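Step one of this worksheet: look at the structure below.
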Amino acid sequence: MTHLAQPTASHFINGEYVEDTTGTPIPVIYAATGETIATVYAATPAIVEKALETAKAAQTAWAKMTGTERGRILRRAADILRERNHDLSVLETYDTGKPLQETLVADATSGADALEYFGGLAASLTGEHIPLGEDWVYTVREPLGVCVGIGAWNYPTQIACWKGAPALACGNAMVFKPSETTPLCALKVAEILHEAGLPAGLYNVIQGMGEVGGALVTDPRVDKVSLTGSVPTGKKVYAAAASEMKHVTMELGGKSPMIVFEDADIENAIGGAINGNFYSSGQVCSNGTRVFVHKDIKEEFLARLAERVSGAILGDPQDEATNFGPMVSERQMDIVLGYIEQGKEEGARLICGGNRVDMPGYFVAPTVFADVTDDMVIAREEIFGPVMAVLDFEDEAEVIARANDTEFGLSAGVFTRDLSRGHRVIGALEAGSCFINSYNDAPVEAPFGGVKASGVGRENSKEAINHYSQVKSVYVRMGDVEAAF
Ligand SMILES: NC(=O)c1ccc[n+]([C@@H]2O[C@H](COP(=O)([O-])OP(=O)(O)OC[C@H]3O[C@@H](n4cnc5c(N)ncnc54)[C@H](O)[C@@H]3O)[C@@H](O)[C@H]2O)c1
Ligand SMILES: C[N+](C)(C)CC=O
């Protein structure tokens, strides 16, 4: 019997589903059971060619439409996403294993927000007039052309929309390659965009592993590459794109600090630490996985934290009562369990969790280590699972220096009732997406992205427009041209 997650076909190109079973089969495995629920096929060179040719051909006419017309289509797509939120959330849960309780509020909804926001901005994308005496300069905001989006597996619907919405609003075409681990949701985004009236060829989805991503990145017809993925992949893709000076956005990994001062509202800080470590079972790029807690409140923090973590409900992710799901794959589970063993060997104090859960699927118990030191591997490397490292500190200058002592710079959070200190400390932290008395809020109105090895460019907000368009300046002389000879 065909599982309801099985898509119509593997790829969506030129406004329709396209199949080519000669590509490498990619099984889609439901992380809560280990069963194969769908199969898609990696794009062959012919499929890659068709997607790029189609995108290139469709983009010129799209760019000539008014922003109002483009925006209307994106906003219609946002409405359809919201109307179908339940079905899309069920699919997201099959694709990723994340609990339905989360996907109902975080995935298609945040994708719809992006489509609505950039749909609303499309009509206001203008240049400026710069008077220069009798002469003047005007600027024109132009699309880049064909953009490639490459996704990670933790937020497949959101990533497909966060890249597609600003690209399309600016008049570009997109070829999107989802993660091979979660190939399903982006196909629905493409289907809905076309149902909303998007002309054929402007948003194409093709499947595949890194080689397909690599073929897209190096193709001369591609003008921009936006990757969400790990730092090692980011370095490769950035280098490949640099050979032809392509525009890039790099949304990469992190090992972000969350600092809890002694005057913090401790329950709020614990709530922030739980959201910033255990939401999506810890598979969130911006997570505050190094939780620095002032030594005076550390033991109280740990005791209350352990009590609250015991409230995690592990189970069937399609059951709305479940609030903690499995790792996306067996491979990711093994990576996370390997880090947990390393934490134990390094001498960190295990407060809770620390094991695979004895149930079907790839569940790792929410894990907290205390007495973690800066040099431990679990404090230095991105784990991308439910593993919180709690470190203690004594004073502000010391904790800022330690928080910044990392190659990453995606996010940072501070909990304190002293707002002067909150702003001062956030100002000194090397991170792109920061929080005061909160953690991991990512509304579409706020720029999102990292500094240092965590990334280049920003998604969301008006900032994203700068990364999907370029400015042409035109000098207009009103008088005669003066020349030396
Ligand atoms: N900053 C953000 O917004 C953000 C959001 C989500 C996830 N992430 C990061 O993503 C990582 C987890 O996701 P992942 O395991 O899927 O990452 P990954 O780097 O393994 O893969 C990401 C994507 O890149 C593709 N890819 C791999 N090699 C490639 C190559 N040489 N050329 C082109 N494409 C290639 C993969 O097929 C996949 O689609 C974590 O590090 C996490 O922090 C970042
Ligand atoms: C962008 N965000 C934080 C919602 C998901 C990243 O993994």
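Just follow the structure's listing: the first ligand is 1, and inside any ligand the first atom is 1. Worth saying up front: this structure is predicted, and the values here are computed from it rather than measured.
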Chain-and-number sorted residues having a heavy-atom contact under 4.0 Å with ligand 2 are Asn154, Tyr155, Gln158, Trp162, Val284, Cys285, Ser286, Phe448
Output field: ring centroids Trp153/Phe384 closer than 6.0 Å: yes
* If we only count heavy atoms from C-beta on, is the Tyr339 to Val364 side-chain gap below 4.5 Å? -> no
Margin query: Quick check: Phe12 with His194 (ring centres under 6.0 Å apart)?
Written below: yes
Taking every heavy atom of Val175 against every heavy atom of Ala51, the minimum-distance pair comes out as CG2-O, 3.8 Å
Closest non-hydrogen atoms of Ser280 and Lys98, given as atom of the first, atom of the second and distance, are OG-CD, 3.5 Å
message: For the backbone of Tyr30 and the side chain of Glu35, can you confirm whether one donor and one acceptor N or O come within less than 3.5 Å of each other?
response: no
Residue shell for ligand 1, any heavy atom closer than 4.0 Å, reads Ile150, Gly151, Ala152, Trp153, Asn154, Lys177, Pro178, Ser179, Glu180, Met209, Gly210, Gly213, Gly214, Leu227, Thr228, Gly229, Ser230, Thr233, Val237, Glu251, Leu252, Gly253, Cys285, Glu382, Phe384, Leu410, Phe448
Q) Regarding Gln318 and Thr93, is there a side-chain donor-to-acceptor distance under 3.5 Å anywhere? A) no
Determine whether Asn440 and Ser286 satisfy the following criterion, side-chain hydrogen bond (donor to acceptor under 3.5 Å, both in side chains), listing intermediate values before the conclusion. CA-CA 7 Å; Asn440 259 355; Ser286 47; 2.7 Å; yes
Open item on the list: Can you confirm whether more than 12 heavy atoms, excluding those of Tyr238, are under 6.0 Å from its OH atom?
Closed with: no
